[in-house]
K.L.:
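I'd like to ask some things about the structure below.
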There are 2 protein chains.
Amino acid sequence: MSGHESAVSRLRAQGYRMTPQRLSVLDIVARRTGHVGADEVWNLAREEHPYVDLATIYRTLQWLKGLGVVTEVIIGNKLHFEMADHHNPHNHMVCSVCDGVQTLTPDYLAEFSQRLEQEFGFSPNLDNITIGGMCNQCRAVT
Amino acid sequence: MSGHESAVSRLRAQGYRMTPQRLSVLDIVARRTGHVGADEVWNLAREEHPYVDLATIYRTLQWLKGLGVVTEVIIGNKLHFEMADHHNPHNHMVCSVCDGVQTLTPDYLAEFSQRLEQEFGFSPNLDNITIGGMCNQCRAVT
DNA sequence: TCCGTTAATGCAAAAATTTGCGCCAGCAAA
DNA sequence: TTTGCTGGCGCAAATTTTTGCATTAACGGA
Ligand SMILES: [Mn+2]
Ligand SMILES: [Mn+2]
Ligand SMILES: [Zn+2]
Ligand SMILES: [Zn+2]
């Protein structure tokens with residue numbers, strides 16, 4: 001498989017029921033290098049389990065996101081996902097013109113995060129943040 | 001009125017047509033202290049113009065956002081808006097548990113923003129960013 | 001292996017937001 | 001004041017995501 005067996009057994013150990021639908025979603029996201037749209041996950045999942053519902057896909061993806069197993073990226077008003085890599089975590093910058101995605105180590109956000117915590121007692125969750133803006137190439141065109 | 005006449009004349013000067021619908025939306029957002037949901041804007045706008053369509057509300061709000069006249073905040077999976085105050089700009093932290101909103105001067109994001117620009121050539125637009133997380137009180141409950 | 005508990009699913013509908021298109025009205029020029 | 005251009009609107013439908021509810025099936029224990 002694609003190296004997500006550890007996630008599966010960890011989830012099962014936590015008492016979650018590992019249904020074929022969940023395994024399929026996990027498989028699809030793990031197999032993919034890069035970001036998958038929710039609808040894309042659905043279409044791929046249906047190849048294996050023709051009856052799976054889109055609501056299940058969304059619920060599963062949100063569930064995995066909450067557990068830190070997958071990461072969410074907003075690309076062009078649509079939710080995308082990818083496997084969270086805890087050995088090599090990263091955040092995303094998405095260009096609103098070309099929908100291009102650049103990555104960022106969380107170091108860039110560390111100081112900001114700490115200040116929110118210290119000065120406001122607010123615990124930000126920046127794992128799934130998407131930074132919008134304009135990329136180098138698109139700006140050059142203007 | 002609520003001090004948005006300057007915005008109106010600036011927009012008209014830029015060649016945009018100031019329709020009753022647009023004036024109404026501007027009025028509603030400017031009159032409100034705090035954040036208004038898109039649906040709320042619609043309901044208030046309909047009191048004056050019963051025929052206005054929700055699509056117009058969304059289009060107008062996005063248009064004003066793009067021009068920097070209003071600011072967007074995501075509260076509980078729904079879009080909210082407020083007048084952008086260029087004399088006193090701020091960003092938002094929203095608690096995912098209680099939907100409470102705290103504000104933040106852009107200073108907190110300035111260094112982060114500059115680094116993205118300098119090191120990646122990426123021009124982030126952080127005016128409308130919403131920082132998710134958990135507030136002080138909600139964390140205390142846990 | 002069978003059973004019972006209850007978490008998770010399918011299904012249907014709702015909610016939230018965006019989009020295509022033909023008509024209408026804002027506003028500048030005559 | 002009238003006219004013409006075209007940007008903005010209403011309307012309808014599509015898209016995207018979420019939610020409620022009855023049924024099903026995962027899985028630990030008998
Ligand atoms: Mn990524
Ligand atoms: Mn605010
Ligand atoms: Zn770009
Ligand atoms: Zn809270």
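Below, chains carry the letters A, B, ... as their sequence lines are ordered, and counting in each starts from 1. Just so it is clear, the structure is predicted and the values come from calculations on it, not from any experiment.
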K.L.:
Could you check which of C/dT17, D/dT17, C/dT9 has an atom nearest any side-chain atom of A/R22?
P.N.:
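Out of C/dT17, D/dT17, C/dT9, the nucleotide with an atom closest to A/R22's side chain is C/dT9.
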
K.L.:
What is the distance from CZ of A/R46 to P of C/dC11, rounded to the nearest Å?
P.N.:
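Between P of C/dC11 and CZ of A/R46: 12 Å.
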
K.L.:
Nearest to the side chain of A/D53, heavy atoms from C-beta on, is which of D/dG10, C/dG10, D/dT17?
P.N.:
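It is C/dG10.
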
K.L.:
Roughly, in whole Å, what's the span from CG in B/L54 to P in C/dT19?
P.N.:
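That distance rounds to 14 Å.
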
K.L.:
Does B/Q21 place a side-chain N or O at less than 4.0 Å from the phosphate oxygens OP1/OP2 of C/dA25?
P.N.:
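Answer no for this pair, as no side-chain N or O of B/Q21 is under 4.0 Å from OP1 or OP2.
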
K.L.:
Of the nucleotides C/dT18, D/dA26, C/dA8, which has the atom closest to the A/Y16 side chain?
P.N.:
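Nearest to the side-chain atoms of A/Y16, counting from C-beta on, is C/dA8.
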
K.L.:
Starting at the 5' end of DNA chain C and moving along, which residue's nearest nucleotide shows up first, A/Y51 or B/Q62?
P.N.:
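With A/Y51 and B/Q62 compared, the 5'-side residue is A/Y51.
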
K.L.:
Would you please confirm or rule out a distance under 4.0 Å between OP1 or OP2 of C/dG10 and any side-chain N or O of A/T56?
P.N.:
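The answer is yes; a side-chain N or O of A/T56 sits under 4.0 Å from OP1 or OP2.
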
K.L.:
Are B/H35 and B/F81 packed together at the side-chain level, in the sense that at least one heavy-atom pair is separated by less than 4.5 angstrom?
P.N.:
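They are not in contact (no side-chain heavy atoms under 4.5 Å apart), so the answer is no.
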
K.L.:
In whole Å, I'd like the distance from the CH2 atom of A/W42 to the C1' atom of D/dT16.
P.N.:
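After rounding, the reported distance stands at 12 Å.
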
K.L.:
With nearest nucleotide decided by heavy atoms, which residue, B/A55 or A/A55, maps closer to the 5′ end of DNA chain D?
P.N.:
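Taking each residue's closest nucleotide, the earlier one in sequence belongs to B/A55.
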
K.L.:
Which part of the nucleic acid, if any, lies within contact of A/D39, taking any heavy atom under 4.0 Å across all strands shown: a base, the sugar-phosphate backbone alone, or nothing?
P.N.:
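Counting heavy atoms under 4.0 Å across all strands, no contact is made by A/D39.
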
K.L.:
Return yes if a side-chain donor-acceptor contact under 3.5 Å exists between A/E117 and A/S123, otherwise no.
P.N.:
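The criterion, which ignores hydrogens and geometry beyond distance, is satisfied for A/S123 and A/E117.
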
K.L.:
Taking only side-chain N and O atoms of B/N77, does any of them lie within less than 4.0 angstrom of OP1 or OP2 on C/dA15?
P.N.:
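B/N77 to C/dA15 OP1/OP2: no side-chain N or O under 4.0 Å.
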
K.L.:
To the nearest 0.5 Å, tell me how far B/I129 CD1 sits from A/I129 CD1.
P.N.:
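That separation rounds to 4.0 Å.
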
K.L.:
Under 4.0 Å between a side-chain N/O of A/Y58 and OP1 or OP2 of D/dT17, yes or no?
P.N.:
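Yes, A/Y58 has a side-chain N/O under 4.0 Å of OP1/OP2 on D/dT17.
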
K.L.:
Tell me, please, whether A/W63 has A/R59 positioned over its six-membered ring: NZ or CZ under 6.0 Å from the ring centre and within 45 degrees of its axis?
P.N.:
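Judged by the rule, A/R59 and A/W63 form no cation-pi pair.
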
K.L.:
Tell me whether the OP1 or OP2 atom of D/dC9 has a side-chain N or O from B/T19 closer than 4.0 Å.
P.N.:
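Checking D/dC9 against B/T19, a side-chain N or O does come within under 4.0 Å of OP1 or OP2.
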
K.L.:
What is the nucleic acid contact for B/L79, judged by heavy atoms within less than 4.0 Å: base, sugar-phosphate only, or nothing?
P.N.:
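If one applies the 4.0 Å heavy-atom cut-off, B/L79 turns out to touch the sugar-phosphate alone, with no base involved.
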
K.L.:
Could you tell me the separation between the CZ atom of A/R12 and the P atom of D/dA26, rounded to a whole number of Å?
P.N.:
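To the nearest whole Å, that distance equals 10 Å.
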
K.L.:
Taking atom types as modelled, find out whether B/H90 and B/Q102 have a side-chain donor-acceptor pair closer than 3.5 angstrom.
P.N.:
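Note: B/H90 and B/Q102 side chains miss the donor-acceptor criterion.
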
K.L.:
When the distance from CH2 of B/W63 to P of D/dG8 is rounded to whole Å, what number comes out?
P.N.:
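Atom CH2 in B/W63 sits about 7 Å away from atom P in D/dG8.
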
K.L.:
Let me know the distance between CD1 of B/I57 and C1' of C/dT19, rounded to the nearest Å.
P.N.:
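The distance from CD1 of B/I57 to C1' of C/dT19 comes to 17 Å, rounded to the nearest Å.
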
K.L.:
Starting from C1' on D/dA25, measure out to CG on A/L23 and report it in whole angstrom.
P.N.:
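Going from CG in A/L23 over to C1' in D/dA25 covers 14 Å.
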
K.L.:
Could you tell me whether the side chain of B/L44 reaches within less than 4.5 Å of the side chain of B/D27, counting heavy atoms only?
P.N.:
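With C-beta onward as the side chain, the pair stays apart.
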
K.L.:
Mind calculating the distance between CE (A/M18) and P (C/dT6) to the nearest angstrom?
P.N.:
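It works out to 21 Å between those atoms.
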
K.L.:
Answer yes or no: side-chain N or O of B/R59 and base N or O of D/dG10 forming a donor-acceptor pair under 3.5 Å.
P.N.:
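Between D/dG10 and B/R59, which were checked side chain against base, a qualifying N/O pair under 3.5 Å is present.
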
K.L.:
Can you say whether a donor on the side chain of B/R17 sits under 3.5 Å from an acceptor on the base of D/dG7, or the other way round?
P.N.:
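Side chain to base: pair present.
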
